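Here the structure is laid out as C-alpha cells; the discussion comes afterwards.
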Amino acid sequence: MIEDPDRCYQAAQSRDARFDGQFFCAVTSTGIYCRPSCPARTPKRENMRFYATAAAAQQAGFRSCLRCRPDATPGSPEWNVRADVVARAMRLIRDGVVDREGVEGMAGRLGYSTRQLNRLITAEVGTGPLALARAQRSQTARVLLETTDLPVAHVAFAAGFASVRQCNDTVRQTFADTPSGLRARAARTVLGRRSKREPATQAIRLRLPCRQPFNPASVLDFLGLRALPGVEVLDGASYARSLRLPHGHGIVTLQAPEAEGSDGPAYVEGELILSDLRDLQTAVARCRQLLDLDADPVAIWEALRGDPLVGALVRRDPGRRVPGAADGFELAVRAVIGQQVSVPGARTVAGRLVLAAGEPLPAPLGAVTHLFPTPAALVELAEDDPGAFSMPAGRRRAVMALARAVGAGDVVIDPGADPAELRRSLVALPGIGPWTAEYVAMRALRDPDAFMPTDLGIRRGAVALGLPDDPVHLQATTEHWRPWRSYAMAHLWALPAAAAPRLPTRRTKGRAA
C-alpha cells in the first residue's frame, strides 16, 4: 500500500485527475477500487485504502469501479522516470513480456533470479509480476469484449488467458460482471454501440487516455515531418504506421479529438488492425510510448516553469511531449542514417531500405505498405546488394554493425533495457557517437533526462535564448534542468526557425532525426 495515505485521501477529496494512474483508492465498505478523480462521493477516511497499482487492489479483493474505469487510466509516469530494475520490469510487463516469456524469461532479461525479482516488485508495488500481468489481461479482455464481436472463447485466448474459465473468473472478480454482461452494457452506450450490419473484423477502436495538459500536435507534427515512406504517414491530423509485433504485425491509426478546453484532449483515438489479437496489449503499450501519453506534464511544468531560460517556453506550451518510438531497432537505424543529414534526406535513404528489405504487408492501408526491415534482413541485403545502401561507406558500416549487434543480442533496445548500458553499448559500435546514443535513449527508452548539446537544432535554440553555443558550456549550463532535459530539448526544437540564427555545422555530429 501507499506510504502516505493521508496525502492520497486529500487528492481523492479534490478529485484531482493528475493523480489518476499514480495510485488507486479502494473502499472497504463497497469492495470497489476507483481512480482518485472518480465523481462518486468520497467515502470516509477510515473506509479507504490506497494502492500503487490496480493489480494490488485486485489482489486485495477489490473490484473495478464501473463508473470511473480505473483500469483505463494513464500509466504511472514513475516507471518512465526511473531506471532501476523495478521500473524496467514494469515497462516489460506493460509490453506483455510476462505473457510471452513468463516471469522467468523477464527475470533473465533483467539479470535477476525469479525469486529476487518477485521480492523486489512486491516490495515496491504491493503485488508480484503475475498479478500485474493478470490485471493487464483483464483490461485487454474488456477492450475486446466492448469493441469487437469476437466470441468469448476467442477473446479469452487473445487476451492471454489459459482457458475460457480463467477469463470468466477474472472478469467476474475484476468487474463484478460476466463477459457477456460487459458486452451487453457496452452495447447500450454510444461509444460501444455497433451496427448490426458491421462485419466482425479485427479492427479495434479504443481511446488512449492521457494526462492534461496535452498538446497532441507536439508529437504528431514531429512524427509526420519524419514519416518514413511505406511505414508511416501523417494525413491531416491522423497519423498511421505499421507495427512489428511479437505474434504478427499491425497497423495503427492515431488521432486526437478537438479539445473543448485549453488543456487539450484527455485522450487519443486509436484504431488497431492486428494480424493476431494476442498482440493487442503490446500494441497499445507501444502507441502510448510513441505519443508519450504516460508523462506527468504538471511535474515537468512545476520543475521548468520558473527557469529563466526555458520557463517562458514551458509556460506558453505546458502540454508539449517528447515523441517516443514504436520500435527501438528502427529508431536506432534511422538515427544513424540521420547523422549529419537533413530530415528529408534521411527519410529518402531510409525509405529505400524499406522498399529493398522491408516486409510488404498482406493488406496495406493507404500509404502504409511495409514493415521496417529486421536486423537479419538488413544484413542479408548488405551481403546481396551493397548498392542498396545509398549512403557513405562509414555510415553503411555503422548500420551493419548495429544490425549485427542487435541481432546477436549484444545491444538490447527494448523497454527493459538499462539506459546507461544502452548508451555504452551503442557508442562502442563503429560510427555511432554520443548524439545517437542520447537520441535513442530519449525516444526508445523514454529517458526524460537525455540531452544532446551537439545537436544543431539545440544549439540554435540555445543561442536564441542567450545560452552558449559551445557544447561543453551548454552541457554545464543546463544541468539544473535535470531530470527533465528531454522535455527542455523538445521546447528548444519547437522554436521557430526565424528565432534561431544559422550556425556553422563543423562541430555538429547529429541532427534531430
Side-chain angles (χ1 to χ4, degrees), residues 21 71-77 79-80 90-97 99 136-137 139-140 142-144 146-148 158-160 202-211 214-224 226-228 231-235 237-257 264-295 319 321-331 361 365-366 368 371-372 413-415 442-446:
D71 60 310
T73 58
S76 173
W79 311 129
N80 289 336
M90 294 296 287
R91 294 197 291 267
L92 286 174
I93 294 170
R94 186 169 57 191
D95 198 58
V97 169
D99 287 335
Q136 289 194 162
R137 287 196 291 270
Q139 181 183 356
T140 301
R142 180 180 62 78
V143 171
L144 290 172
E146 294 180 347
T147 62
T148 73
Q202 291 182 325
I204 302 167
R205 297 176 181 86
L206 67 163
R207 287 180 172 180
L208 306 177
C210 63
R211 294 181 179 86
F214 173 50
N215 176 6
S218 64
V219 282
L220 293 177
D221 290 351
F222 185 98
L223 296 172
R226 294 156 179 81
L228 182 56
V231 173
E232 54 188 341
V233 63
L234 181 67
D235 184 7
S238 178
Y239 168 82
R241 68 155 293 139
S242 61
L243 298 171
R244 186 180 297 279
L245 298 165
H247 299 104
H249 64 268
I251 300 176
V252 59
T253 303
L254 301 168
Q255 183 173 2
Y267 60 88
V268 172
E269 294 175 341
E271 180 175 288
L272 287 163
I273 302 175
L274 303 174
S275 64
D276 193 317
L277 286 174
R278 290 177 295 174
D279 288 323
L280 175 60
Q281 175 184 318
T282 302
V284 169
R286 295 183 182 178
C287 291
R288 297 191 64 81
Q289 172 175 292
L290 183 66
L291 302 185
D292 197 16
L293 297 183
D294 292 327
R321 303 294 172 91
V322 174
D327 182 89
F329 174 68
E330 173 192 326
L331 176 71
L361 292 170
L365 180 65
V368 181
L371 295 170
F372 192 81
I413 315 175
D414 66 21
M442 180 185 71
R443 293 193 57 189
L445 302 190
R446 304 276 356 127

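What you see is a predicted model, and the numbers here were worked out from it, not measured in a lab.
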Taking the side chain as every heavy atom from C-beta outward, state whether Ser242 and Leu371 have any pair of such atoms under 4.5 Å apart. yes
To the nearest 0.5 Å, what is the distance between CD1 (Ile273) and CZ (Arg205)? 8.5 Å
Distance (rounded to the nearest 0.5 Å) between Glu146 CD and Thr148 OG1: 10.0 Å
For residues 244-252, which side-chain donor-acceptor pairs fall under 3.5 Å, sequence neighbours excluded?
unit_1 : atom_1 : unit_2 : atom_2 : d
Arg244 : NH1    : Glu359 : OE1    : 3.3
Arg244 : NH2    : Phe372 : O      : 2.7
His247 : ND1    : Asp279 : OD1    : 3.0

With a 4.5 Å heavy-atom cut-off, do Val219 and Tyr239 have their side chains touching? no
For the student: nearest non-hydrogen atoms of Ala444 and Gly328, plus distance: CB-CA, 4.1 Å
Spacing of Glu271 atom CD and Thr147 atom OG1 [to the nearest 0.5 Å]: 10.5 Å
Does a side-chain N-to-carboxylate-O contact under 4.0 Å join Asp294 and Arg446? no
Using modelled atom types and a 3.5 Å cut-off, is there a donor and acceptor pairing between side-chain atoms of Gln289 and backbone atoms of Gly324? no
What is the minimum heavy-atom distance between Ala295 and Pro77, and which atoms define it? C-CB, 4.2 Å
Quick one: does NZ or CZ of Arg226 land under 6.0 Å from the six-membered ring centre of Phe222, within 45 degrees of the ring axis? yes
Is it true that a side-chain atom of Glu232 and a backbone atom of Gly224 form a donor plus acceptor pair closer than 3.5 Å? no
Hey, does Leu331 have a side-chain heavy atom less than 4.5 Å from the side chain of Ile413? no
Please confirm whether the backbone N or O of Val322 pairs with a side-chain atom of Asp292, one donor and one acceptor, at under 3.5 Å? yes
Using side-chain heavy atoms (C-beta onward) and a distance below 4.5 Å, is Ile204 in contact with Val143? yes
Check whether any side-chain heavy atom of Leu272 sits under 4.5 Å from a side-chain heavy atom of Leu206, and report yes or no. yes
Spacing of CG belonging to Leu291 relative to CZ belonging to Arg286, to within rounding of 0.5 Å: 14.5 Å
Test side-chain contact (heavy atoms from CB on, under 4.5 Å) on Arg91 and Asn80; report intermediate values, then the result. CA-CA 8 Å; Arg91 294 197 291 267; Asn80 289 336; 3.9 Å; yes
Interatomic spacing from CG in Leu223 to CG in Leu228 - rounded to 0.5 Å: 12.0 Å
Does the side chain of Leu254 come within less than 4.5 Å of Leu208's, by heavy atoms? yes
Using a 4.5 Å cut-off on heavy atoms from C-beta on, say whether the side chain of Thr140 contacts that of Leu277. no
With a 4.5 Å cut-off on side-chain heavy atoms, are Asn215 and Arg321 touching? no
Closest heavy-atom pair, Pro216 versus Phe214, reported as atoms and distance to 0.1 Å, is CD-O, 3.3 Å
For Gln136 and Ile93, indicate whether the former's side chain and the latter's backbone hold a donor-acceptor pair under 3.5 Å. yes
Restricting to non-hydrogen atoms, name the atom on Thr253 and the atom on Ser238 that form the minimum distance, rounded to 0.1 Å. CG2-OG, 3.2 Å
Side chain of Arg241, backbone of Leu234: donor and acceptor closer than 3.5 Å? no
Polar side-chain atom of Asp95 near backbone of Val97 as donor-acceptor pair, under 3.5 Å: no
